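This report concerns only the one structure given below.
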Amino acid sequence: MNLVKDLSERRGRLHKITYKREMAEKTVCHLKVEAPRIARKAKPGQFVVLKAGETGERIPLTMGGTDPAAGTIDLIFQVVGKSTALLRTFNVGDSIQDIIGPLGKPTHVEKIGTVICVGGGTGVAVMYPITKAYKEAGNNVIAIIGARTKDLLILEEEMKAASHDLRVTTDDGSYGHHGFVTDVLRKILDEQKDVKLVVGIGPVPMMKFLCKLTKEYGVKTMVSLNPIMVDATGMCGACRVTVGGKTKFCCVDGPEFDGHEVDYDELVKRQRAYLTEEKVSMEQFATAGKRGG
Ligand code: FES
């Protein structure tokens, strides 16, 4: 890969980057990207697939928001491999080669009463527009967001504004409640009997344990899944998940599913399928970056 050539090719494409912010000790990046048609049509919970460059991998990313007036969409992603590491090197003024969307089914939002929105890690970015939508629909929205440590927490102010009551947790106790989002959720479910829905988005183990908990309390729970995707049109089968004993394709049937029905162990196994290849690819990218081409 020639990074210098790649940089020069980033100009003049359709989807120009208008804003960039790095968060969570530079492990998470927020880009605002011009995509007017997607910004006009997208609803909370939907995602896009993008290709950073001509030969790049297709990356599925759930939108963290849209601005139809400005014609931009918000992409908030964690640097987890070569493709997201490459995307992070893009700056304001650079452009992304291709973005398709909005994809997937939007979140079903209606006025139902008390809703608890739980976001862990970068799942908070996906949860943000959903939380906002539940509040705008007239629900009483309690939000719980968590991270391993204070510096890795994202979108606290935004989530505060999007909800009626925000609780924060950190695994190491450096900020907010010392412990997990599920500790706080259990406390609320003990105190408040009128919770109609819990929405959980974050790492798979978090969603698994959150659903185990809400099942105990008999509270309906939706989760947003993020499996490996390739075509994102329901053709390749890469994103298949088992929900209620049936095979579902996350890209067209999801990304949101009844959390009590998801086979999380299978999901983890499938997510780890290409870890070795991903590691090799990331090492090659880092080496090429150091050489400058
Ligand atoms: S990504 Fe291919 S079927 Fe969903």
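Just so you know, ligand 1 is whichever comes first in the structure, and atom 1 is the first atom listed for that ligand. Numbers here are sequence positions counted from 1. The structure presented is a predicted model; accordingly, all values stated were derived computationally and were not measured.
Residue-ligand proximity, M235 to ligand 1, at heavy-atom distances under 4.0 Å covers atoms 3 (S). Distances below 4.0 Å separate heavy atoms of V230 from the following atoms of ligand 1: 1 (S). Interface atoms of ligand 1 facing G234, defined by a heavy-atom separation under 4.0 Å, are 3 (S). Ligand-side atoms of ligand 1 in range of C251: 1 (S), 3 (S), 4 (Fe), range being under 4.0 angstrom from any heavy atom.
R21 and E158 are joined by a salt bridge, as a carboxylate oxygen and a charged side-chain nitrogen come within less than 4.0 angstrom of each other. Using a 4.0 Å cut-off between charged nitrogen and carboxylate oxygen, D265 and K208 count as a salt-bridge pair. With respect to D194 and K196, no salt bridge is recorded, no charged nitrogen being found less than 4.0 Å from a carboxylate O.
No part of R240 comes within 4.0 Å of ligand 1, judged by heavy-atom distances. Counting heavy atoms closer than 4.0 Å to ligand 1, residue A232 contributes backbone atoms (N, CA, C, O) but none from C-beta onward.
In summary, of the residues considered (D74, T66, T18, D67), a side chain to side chain donor-acceptor pair (under 3.5 Å) with K32 occurs for D74 alone.
Residues Y217 and D190 have side chains that bring a donor and an acceptor to within less than 3.5 angstrom of each other.
Within 6.0 Å of the NZ atom in K246, the count of heavy atoms belonging to other residues, nucleotides or ligands does not exceed 12.
If you check which protein heavy atom lies closest to atom 3 (S) of ligand 1, you get G237 N, 3.2 Å.
Taking atom 2 (Fe) of ligand 1 as reference, D231 places its N/O/S atom OD1 nearest.
At a cut-off of 2.8 Å, C239 is not counted among the residues with an N, O or S atom near atom 2 (Fe) of ligand 1.
Without hydrogens or angle criteria, D183 side chain to G179 main chain gives no donor-acceptor distance under 3.5 Å.
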